[in-house]
Amino acid sequence: APGGRYPPEPPLLRTEVDINQIPAMADRLPDSPRVIDVAGMGREPGRYGGTMRMLMGDQRDIRAISIYGYTRLVVFDTAGRIVPDLLEKVDVEEGRIFTLHLRKGHKWSDGWPFTSEDFRYWWEDMANNDRLSPGGPPNVQLYVDGEIARFEVVDETTVRFTWSKPNPSFLPALAGAQPLEIYAPAHYLRMFHQRYADPIRLGALIRQERVKDWGALHDRMARSYRPENPELPMLGPWIPRTKPPAEFFVFDRNPYFHRIDERGWQLPYIDRVTIAIGTSSLIPAKVGAGGSDLQARYLRFDNYTFLKEGEQRGNYTVRLWERGEGAYVAVFPNLNVQDPGWRAVLRDVNVRRALSVAINRRDINQVIFFGLAHEGANTIIPGSSLYDSKYDTAWAQYDPALANKLLDAAGLSKRDDDGIRLLPDGRRAEITIQTAGNSTEETDILELVAYDWEKVGIKLFVRATQTDLLRRSVSSGNAMMSVWPGIDNAIPGPDMAPDGLAPSNSMQFQWPQWGQHVETSGQMGEKPDLPAAQELIDLQKRWRQSVTTEERRAIWQRMLEINADEVFTIGIVNRASQPVVVSNRLKNVPEVGIYSFEPGAYFGVYLPDTFWFDDAKD
Amino acid sequence: MLRYIARRILIMIPTLLITSALIFTVMQLPPSDYFETYVAEMAAQGEHADMSRVEFLKREYGFDKPLIERYFLWVTGFVQGDFGYSFEYEMPVSDVVGERLALTVLVSFCTILMTWIIAFPIGIYSATHQYSWADYGLTFIGLIGIAVPHFLLALIFMYFANVWFGLSIGGLMDPIYFNQPMSWAKAQSILAHLWIPVLIIGAGGTGSMVRAIRANLLDELQKQYYVTAKAKGLPPGKALVKYPLRMSLNFFVSHIGDVLPSIVSGSELTAVVLSLQTTGPLLLRALQSQDMYLAGSFLLFLSCLTVIGVLISDILLGFLDPRIRLQGGRTK
Amino acid sequence: MHGHLNEVVKGVSLRVPAGRTVALVGESGSGKTVISQAVMGLLPRNGLITEGRILFSDPLKDGKVLDIAQLPADGTKMRKLRGGRIGMIFQEPMSSLSPVHTVGSQIEEALQLHRPHPRREARAVTEKMLGLVGFRDPPRSYDRYPFELSGGLRQRAMLAMALICHPALLIADEPTTALDVTIQAQVLKLMKELQHDIGMAILLITHDLGVVANMADEVVVVYRGEVMEAGPVDDIFRRPSHPYLKALLKASPDFDMKEGERLVALRDVAPVAPTRLKPAYDNSAPLLSVRHLRKTYGSKSGGAVLAVDDVSFDIGRGECLGLVGESGSGKTTVGNMIMRARKADAGDVVFHGEKGAVDVLGLDSHALKAFRPHMQMIFQDPVSSLSPRMTVLDIIREPMIIQGRGDIRAQKERAVELMQAVGLDPRFLNRYPHSFSGGQRQRIGIARALALDPELIICDEPVSALDVSVQAQILNLLKDLQASLGLTYLFVSHNLAVVHYMAERIAVMARGRIVEIGPRQELFRHPAHPYTQCLLKAVPLPDLDRKLDFDIAMSGGTASDPASWPREFRGSEGSPLGMIDLGNGHSVLAAENCTAQDIRCA
Amino acid sequence: MNQPVALPPSGTPLPHYVAGGAFDPYQADKLTKAQERVYLASQLTLMWWKFRKHRLAVASGVFLILLYGSILISEFLAPYNYQVRHTDFIRTPPQSVHFFHEGQFVGPFTYGLTSTLDMTSLKRNYAENTQQIFPVRFFCRGDGYRFWGLFEGNLHLVCPGEGGTLFLLGTDRLGRDMLSRIIYGARISLTIGLIGIAVSFTLGIVIGGLAGYYGGLFDLLVQRTIEVVQSLPTIPLWLALSAIMPPSWSPILVYFGITVILGLMDWTGLARAVRSKLLSLREDDYVVAAQLMGAGTPRVVFRHLVPGFLSHLIASATIAIPSMILGETALSFLGLGLRPPITSWGVMLNEAQNINIVVLYPWLILPVVPVIAVILAFNFLGDGLRDAADPYR
Ligand SMILES: Nc1ncnc2c1ncn2[C@@H]1O[C@H](COP(=O)(O)OP(=O)(O)OP(=O)(O)O)[C@@H](O)[C@H]1O
Ligand SMILES: Nc1ncnc2c1ncn2[C@@H]1O[C@H](COP(=O)(O)OP(=O)(O)OP(=O)(O)O)[C@@H](O)[C@H]1O
Ligand SMILES: [Mg+2]
Ligand SMILES: [Mg+2]
């Protein structure tokens, strides 16, 4: 260990080490652990111990531990660069040959070595097994133009994935908040696999778990993203101790976690994380009573004042982070709407621009966000190296006169007695916008938008449905317009796939049919017939074949430009504030940060394993 | 009597068959299914659902089979005690429900008990002291219990219980006792938390019950047989309970069967607001996310209880009023 | 005291000495019941004592005097008195019993309250009491519900309840109206015995001057809430001086009345104007023929009750057939079955209307509705047969509304007219039934039955709750209608004098069968059946010189017991019973192989 | 009237007493025409006379009539148009009306409001500016509205002074006047929900009544139907409904539809109560009497039997009213109820379902007050009706 001083054992593990249940720290760590320079990050190296309490609204939210833990083969750092994490290093040749080097001596949470065998098992016995994955390896990132990767085991700690063409989305996928997983704890899962397991024991297990067959059993036991199986060996900082169903989940430190701080202390500092499940609407109240040590999920901006007033009592501080979506709320005109009249109107770029400039974003920002959000289009935000304010300001000014002019130009110049414009086919310009109605903020914003639009002669009706029904009616073309947050990842680097900017899948609210067309390689959906959309598709294709970062940057910029200019989606505000409640005892949580799922895994990039409690008893 | 019960139990079979078919159909009615909701919810959090996994699961759960077949699989399973598999929890329904049932029964039982213990004396008092100040006052309080939405009451209570008594917000116990085996401390924590849900869930019920008892009793207080009872020299309280009160309980007994299903279903919306670890929120969530078998089996279980409850209340009605027992079966 | 509108009892003073019987007689609605309620502290909600005292001195407490009027109505003191020291028999036994408790338990409750016994013993005592008041099978009757009992049986249950505690004062409000004379004699005797044994004082409220003459030591006559005349029974019967009392005595029917003689009512009322003409009819053809009616009631305890057994009779047009008999012998059931209010198990009922014969039991619901106006019924229980939530006006109008007779105005006018005809003040029209006295309610029921001008009326004890003067008025009214409209009656009554006055022919029922049927004179003069003979012997007469010999009459419960009858009238294996014709339309139920001669001799 | 007779001491024989005075059996009989009118009054008239005596019930009735009257002219009564936002006055606490300024009578007026933004707690604070006085105006021109959506108007009963504000119950998160929203909200809250009650009551009484009256096979079928209906899961039903409701339907229409369906599913409890009561009442003599007069089933059931159960019906109706007024709260939980910009008490309370509001902006909970008031009023009205229909009073 650096510094020559022998680091202390974490209190939670001391007894076990003492009675030789588990090896001492030096033997638990890989030969070359990942060293996190805590002080170098401007933080304070910490102390072991303590329990971090968190609250969630649903049992499935326990996957937060895999997200916040953010342990991947490779990870994004706060600057958006991909760096090795579990891996010692990655070699990339020609953008198509990926050689992954594992850390020697790295162990699963049960102490079993983490080796190439775990990759092989996944590749051969899971991804290419007829029962577990009937159609071959399921993940799109493993294919390039329909070609599947070639997998080889180089040696005990080295594996290689090879394609004949470049695959720029491979590494970002491995680093994703919801990652592409290409390994599994073979030594554990074998006992559920028909190929390896003793049939009698397997049969007993199947009965015991009350599942249909070994496939279902294996599937259930192998899930790692939502850690429901406490037996499953893992690699993250905290490992589950509770078997669902439960209301309270405990996660204990992983004795074999591969990161250390610069002093040689094994991370995480915090011994234990707990997640209590309860009604989501009560979470702000519970947090306000000091019920959570680190909480952002289920807190909304409008809880801020309440939370602020409870700071004393709850012994916490509320911080405001910036949200990382392209838009807190964006309006998505459906370019594939069934109604031919409206389709024509919405495909007219002037109409979209007009609708955008007709919105008084400042007013909305003031009324709802105290002016703390940023008024702008649905695009990337300054944290991204690709950011340029021109994308942000394009057609985002408040200019009703311009809006009127544009609408007139688009052939909506006639109005009826109420001042509502008439479509070319004579109908009133009444837009029904569908929303999943998730928050009052959204409802309020829509109300304000409706007010603004009415001034330029467009009437807006809001209709709320369930999320799934909303998707359904958008993709079937019933919905003419919908509301949803903007681009998921608004701080991308050029190496991240620009999928959100071009038609790429059927879940895109602005062009579901075109997206589906691309997604299914033309088997379903509609062929895009708007030149701008076609260009976006081509650009995206080019990105997929690109090799250099520079090339990709250019593609990104062009795509952003097109999106900004065509106003396919109408962002209202972005960089909205996200309250983050941090216990006063909890150290190393950044004052400000970007709260976003992709990239960054919410707290993940800020390395929660380096957070610690100042009152922890050592 | 035994024959009557046997006959009724026989009739239950077709009833439950129809009910199960209807439940199954209604569960299918929404245009989407569990997986669509699942995908949509994932997307709402910026996550992408693994479509191939969804396909895998759909096959696992037999979504490729025709509806009828799935129905029969479900019903026959139900009869054999296999209640199906919850999509959301990915485990057998009985495992999901199991734990919560005890707490639900506890909460509902206390609630019902409280409702009765409070409502009966007050209802009787209000009826016998009609238009006294106490009657007005109790009416007023009862009506507030009915009129203020439960969620608001719940929020207010929980917040102030937290600020003043330091009770943890929501839930039936302090979070540290979750997952722990029952202990004295845990029981105490449960008791300390129980009163809020009991009070809030019970508030509306108590108010309504008081009103109903009062109204029904007022009708009976004038009857000649009550005079006879008094003429015998029965103490007023006893006379009241034995004669008019018993007669006025007709409405109450006809609903007593509902207690059975409600004891296990737990008041859903309120339980959600109160974040109780009862079955109510589970069922609600399952219905919303279209976790078919979880919701369906639970509902079918509830309707079994409904049917049994109706039977019980019919039997009790017969005991309460021999006119029904001896002549009720006849067609006019 | 004040009702909410009117003063109903005005300054009545009376006393009931220990061990004696005071009879309170008076016109229906004159406040007798209210007086008794006041004594018990059980006045209805809208009544209160405005002035006066009610003094009670309990012989057990050495005559310490208590003013009941001052006691809090539901206080412990009052409760001790009620039931224990003062027993009360309510006028309407039918509705005074709780429908959901067995009669036995209701009686036993009173016993346990004031004379606690161990459980088993209590039941035995109760059953004994049931037997004393004439229940045939006490252990079984203990477990029966009031609605399973006939009117008379319910009244006996009430009696048992009041007597079981051996009260110091018994207030008996019309205790025997629903009982046939033999049982009546038995019950009266029981009361007398108790009086003798424990020195019980009795306040007897009754309309039956015969009972008064036989029971009372002193008599108080009230009229409109005021005492008209009071004195020892001798003075009252032998030297009546107040015109009201004189009228009363004159108005009671007796067996010595001549054919066609009219009763003298206190006041005459204008007869109701008929709404239809009297049809020309042939008196000989029956209007209603009843054949082989039969009804069995299932019972909870498994045992079935054969209530009506092979009953057949005819009623000619314009005729009045009297139906008398033992209480609980199935008279009401017969009436109900004819009316299709109950399903008959077997038998035929044919109604020979203007449009030919109608098979009443076979009518479908539609035809039945159209047929209803031809037959109407006056119910035995005047309380429960009036919808408690309808005003009298609506009650009387209802049949006209249902059958679509006339417009609202016409209906209202007719209602007023009917009220006057039955001797009720039209001012009562907007009151609810519960605020009427027993006799008043009964008259409402009569008015309702008359509203449709039916051809046949089944009168089930139509005048039992009426004092003799009003009774005379009603009977005259019925007779007038019979004459002017050709109305036909099936007239059920326990009061043989009334039946004698009304009926041309009389049928006697016992144990579910008609035991004797024949023209009035014939039957009264030559009763053939032993039960009929008993009946006639047991009639109490309002004549101090012809007092009832309770011991002779006291064949009571046994009078109807076939075991006590001569062999000829008992059915046996070899010789089934049949109707034996005695000539003159007089027949009697006897063994089929008997002749008229055998019977005359028996 | 006779003087009460003195009774002889006990033990002595009763003397023969004969009342004096004239005896006229026909005394006091004839009615005058006016009397006759009174005594021939119909039952409804009688009930009305009785009802009038019940002061609280009459007051409640008047209150409800006024309230229902108010929904005809909500636009006029509300000081503001409920949709107008006051961006400068977001979440203003209720403002008080003053009469005296510096000890001097001015008549009703409000002070000006100055707002400051507290950027650390992100809260808007409001203070009265006693320099500015805005006398409240009456019958004045204020916010424009479309009366019943038909014609324009701007007349109001009260308006704030020129340039001033009059937020008697404060404003909500968008700066809309709460009082005005409550006044407008009454329109929906007092109408649509009650339709559900009407539907479920009609069904409950009719079906329960017939089952109780007929008994036997019919009763059996009805009972089984009730069991089945009670078992039907409503949420998937709503989900399905909300998917098939034509998008062109206005939210009110959708809500209306849902209420009716809610009513269609909600009759079972009442039906069971009615049924079991009738099972015991149907053997009573007066029922038989009615049948003997030829009364058909509907008449027997609804004229004779159901009135005996009226108290319970009235009580259950009053109990059901709150759940219907607030019905949309439960539904909006599923995204199905009414939503803004439509305003109803339930919607407003639903917006208040938030810890922030309970703690920081409690005046947003005020819509419970009209709900409680309405329910109390309905209840006392029900009491009055019950008593009026009660023959024993
Ligand atoms: N609850 C009541 N409300 C109003 N008036 C009543 C009430 N009860 C009785 N009355 C009236 O008081 C008067 C006396 O009634 P009461 O019952 O004492 O008569 P009664 O002498 O017993 O007559 P009957 O022989 O017919 O039973 C009657 O005119 C009756 O209408
Ligand atoms: N609903 C019933 N259930 C069972 N038994 C009944 C029922 N109604 C009447 N009974 C029995 O049937 C027999 C005949 O009753 P019914 O009422 O016809 O007698 P009744 O001749 O009218 O007597 P009363 O003169 O006392 O009124 C009685 O023994 C009675 O107990
Ligand atoms: Mg009387
Ligand atoms: Mg009878």
Side-chain angles (χ1 to χ4, degrees), chain A residues 53 55 58-60 63 67 132-135 137-139 177-178 209-212 215-216 219-220 223 225 228 242 244-250 274 276-283 285-286 288-289 291 297 313 325 436 438 466-472 484-485 488-489 505 507 596-598, chain B residues 30-33 36-48 50-53 55-57 59-60 82 85-86 88-92 94-100 151 155 158-159 162-163 166 168-171 175-180 271-277 281-282 285 288 290:
Chain A
R53 297 163 305 146
L55 301 170
D58 185 337
Q59 188 176 304
R60 293 184 298 189
R63 63 184 184 278
I67 299 171
L132 294 178
S133 171
N139 316 71
Q178 188 186 5
E209 293 292 323
R210 286 190 274 171
V211 285
K212 215 169 49 180
D219 178 73
R220 204 167 141 191
R223 311 194 56 187
Y225 181 56
E228 288 182 341
T242 316
E247 308 301 328
F248 189 69
F249 288 85
V250 177
T274 63
I277 311 292
T279 303
S280 50
S281 60
L282 275 191
I283 288 180
K286 289 188 190 172
R297 182 127 168 72
R313 206 161 64 85
E325 304 111 341
N438 294 319
Q466 303 285 114
T467 318
D468 50 330
L469 299 181
L470 170 67
R471 296 195 149 256
R472 198 169 249 269
W484 200 253
D488 290 342
N489 177 359
N505 70 58
M507 306 258 192
S596 88
F597 179 65
E598 208 66 276
Chain B
S32 56
D33 58 24
E36 259 178 76
T37 1
Y38 172 68
V39 169
E41 271 183 27
M42 292 287 276
Q45 274 157 58
E47 294 170 67
H48 50 87
D50 188 341
M51 289 317 282
S52 56
R53 206 181 141 68
E55 287 305 316
F56 176 82
L57 289 177
R59 231 174 319 107
E60 289 292 310
D82 167 14
Y85 217 72
S86 156
E88 183 156 344
Y89 294 88
E90 299 192 28
M91 56 178 71
S94 40
D95 291 6
V96 180
V97 176
E99 288 240 317
R100 291 172 167 247
F151 60 76
L155 265 183
M158 279 188 301
Y159 181 73
N162 176 264
V163 173
S168 61
I169 293 179
I176 50 169
Y177 296 109
F178 285 142
N179 300 351
Q180 292 209 352
V272 170
V273 178
L274 288 166
S275 186
L276 302 184
Q277 290 81 39
L282 187 77
R285 164 95 199 123
Q288 277 181 298
Q290 302 184 38

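Small disclaimer: the values here were computed from a predicted structure and weren't measured.
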Interface moiety of [X] toward chain A, non-hydrogen atoms closer than 4.5 Å:
X        : value
B/Asp95  : both
B/Leu274 : backbone
B/Gln290 : side chain

Count the heavy-atom pairs under 4.5 Å between each of A/Glu325, A/Arg297, A/Met507, A/Glu228 and chain B, then report the option with the highest count.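 Ranked by heavy-atom pairs under 4.5 Å with chain B, first place is A/Arg297.
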
When B/Val96, B/Asp33, B/Val163 are compared by non-hydrogen pairs under 4.5 Å with chain A, the top option: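 Most pairs with chain A among the choices: B/Val163.
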
Does the side chain of A/Arg313 reach to within under 4.5 Å of the side chain of B/Asn162, using non-hydrogen atoms?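 SC-SC contact between A/Arg313 and B/Asn162 confirmed.
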
At a heavy-atom separation under 4.5 Å, does [X] approach chain B through its side chain, its backbone, both, or neither?
X        : answer
A/Pro134 : side chain
A/Arg53  : neither
A/Lys286 : both
A/Asp58  : side chain
A/Gln59  : side chain

Any Lys/Arg nitrogen of B/Glu88 or A/Arg60 sitting under 4.0 Å from an Asp/Glu carboxylate oxygen of the other?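 Looking at B/Glu88 and A/Arg60, the cut-off is met.
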
Nearest heavy-atom pair of B/Ser275 and A/Gly278: which atoms, and what distance?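 In this case the closest contact between B/Ser275 and A/Gly278 is OG-CA, 3.2 Å.
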
What's the spacing between A/Arg471 CZ and B/Thr37 OG1 if we round to 0.5 Å?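 Between atom CZ of A/Arg471 and atom OG1 of B/Thr37 there are 11.5 Å.
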
How would you list, by chain and number, every residue that makes a side-chain hydrogen bond (donor to acceptor under 3.5 Å, both in side chains) with A/Asp219, sequence neighbours excluded?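 Once residues adjacent in sequence are excluded, the partners of A/Asp219 under the side-chain hydrogen bond (donor to acceptor under 3.5 Å, both in side chains) criterion are B/Arg53.
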
